[in-house]
Amino acid sequence: MASQQQQQPGGPMSQPGLQQPASLQQQQQQLSQQQDFDPVHRFKMLIPQLKESLQNLMKIASLNLAHNTSIDNGIKSNDGSVQRFDKSLEEFYALCDQLELCLRLAYECLSQSIDSAKHSPNLVPTATKPDTVQTESMSYAQYLGMIKSQISCAKDIHNALLECSKKIAGKGQPQGMM
């Protein structure tokens, strides 16, 4: 009986120990997936590739220039194989395009975050975390008032757009039909 009790506590203790690395792996996978979608992280990951691509591009350019110079001077014939400059240039431009997209996406995320903070600057306390209420948070009634004003503004914009589209459609019809 005592040997069974010693084995049983050892068994359950080892199982959570095995589950802990699995949960750690899941957290690491989630972190890596979040980093894949983060444009700033992706930008940082592409910079070393861009440097390597630029070094390769310059190396190929110098080899091709030296090869062409030796052909022009009559030292070598045109039988030597040289690496293609256009392929390395395309690789460099592709990385530049990816970096540009990352920067544009990061800028859009920042703009959206700023707009979000501007139009809804205060937090609404949640019922699940009442102890974390901040002094800057707004009450639920204030939040509802803000949402109602935003809905009203959206309706006004929608109505103005409808009126403009009707006026534009009306101008396109022949005058005798009106």
Side-chain angles (χ1 to χ4, degrees), residues 16 18-61 84-178:
L18 292 175
Q19 291 174 353
Q20 186 178 10
S23 66
L24 183 63
Q25 287 176 349
Q26 288 175 348
Q27 289 175 351
Q28 288 174 348
Q29 286 175 349
Q30 288 175 349
L31 181 63
S32 68
Q33 287 174 352
Q34 288 173 349
Q35 289 174 346
D36 288 342
F37 294 118
D38 182 20
V40 175
H41 182 264
R42 180 142 170 79
F43 179 83
K44 289 179 182 178
M45 297 290 288
L46 287 173
I47 290 295
Q49 293 177 15
L50 183 70
K51 287 180 181 178
E52 182 180 323
S53 177
L54 182 60
Q55 288 173 348
N56 187 36
L57 180 67
M58 292 297 136
K59 183 179 97 175
I60 290 172
R84 296 202 40 191
F85 178 75
D86 58 342
K87 296 236 183 212
S88 59
L89 187 63
E90 284 296 322
E91 178 186 338
F92 177 75
Y93 279 144
L95 286 170
C96 287
D97 290 343
Q98 288 179 21
L99 287 170
E100 181 183 6
L101 288 174
C102 288
L103 290 175
R104 285 185 184 190
L105 181 59
Y107 178 76
E108 286 296 320
C109 290
L110 178 65
S111 297
Q112 198 171 42
S113 175
I114 289 170
D115 288 343
S116 176
K118 184 171 110 180
H119 296 294
S120 180
N122 299 325
L123 301 174
V124 177
T126 60
T128 57
K129 297 180 183 177
D131 57 334
T132 60
V133 174
Q134 297 178 352
T135 59
E136 298 176 3
S137 64
M138 63 173 63
S139 69
Y140 188 68
Q142 291 172 326
Y143 178 74
L144 283 178
M146 182 183 67
I147 295 299
K148 287 179 182 179
S149 70
Q150 289 177 349
I151 291 172
S152 172
C153 182
K155 284 181 181 178
D156 291 344
I157 292 171
H158 181 264
N159 291 337
L161 289 172
L162 281 175
E163 285 179 30
C164 287
S165 67
K166 287 178 183 177
K167 286 180 182 179
I168 291 171
K171 287 183 180 178
Q173 294 178 351
Q175 291 181 356
M177 305 270 307
M178 293 175 106

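Index from 1, following the sequence. The analysis underlying the following values was restricted to heavy atoms, covering all of them including side chains, and did not include hydrogens, waters or symmetry mates.
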Can you list the residues that meet the side chain to side chain contact (heavy atoms under 4.5 Å, CB included) rule with [X], with sequence neighbours excluded?
X: Leu54; value: Leu57, Met58, Phe92
X: Leu144; value: Tyr140
X: Ile47; value: Phe43, Lys51, Leu99
X: Ala106; value: Pro39, Val40

So how far is it from [X] [atom1] to [Y] [atom2], rounded to the nearest 0.5 Å?
X: Tyr143; Y: Lys148; atom1: OH; atom2: NZ; value: 13.0 Å
X: Glu108; Y: Ser113; atom1: CD; atom2: OG; value: 12.5 Å
X: Ile60; Y: Lys87; atom1: CD1; atom2: NZ; value: 11.5 Å
X: Ile147; Y: Ile151; atom1: CD1; atom2: CD1; value: 6.5 Å
X: Lys44; Y: Asp38; atom1: NZ; atom2: CG; value: 8.5 Å

Heavy atoms of Gln98 and Leu46 approach each other most closely as OE1-CD2, 3.5 Å
Non-hydrogen atoms of Ser88 and Ser53 that approach each other most closely = O-OG, 4.3 Å
Might you confirm whether atom OH of Tyr93 has over 12 heavy atoms from other residues, nucleotides or ligands at distances under 6.0 Å?
-> no
Quick one: list whatever passes side chain to side chain donor-acceptor pair (under 3.5 Å) with Glu100, sequence neighbours left out.
-> Arg104
Results of side chain to side chain donor-acceptor pair (under 3.5 Å) for Glu52 - residues two or more places apart only = none
Would you find a donor on one side and an acceptor on the other, under 3.5 Å apart, between the side chain of Ser111 and the backbone of Tyr107?
-> yes
Show me the donor-acceptor pairs, under 3.5 Å and distance only, between side chains in residues 155-163 and residues at least two apart or in other chains.
{"unit_1": "Asn159", "atom_1": "ND2", "unit_2": "Lys155", "atom_2": "O", "d": "3.4"}

Set of residues satisfying salt bridge (Lys or Arg N to Asp or Glu O under 4.0 Å) with respect to Asp97, sequence neighbours excluded = none
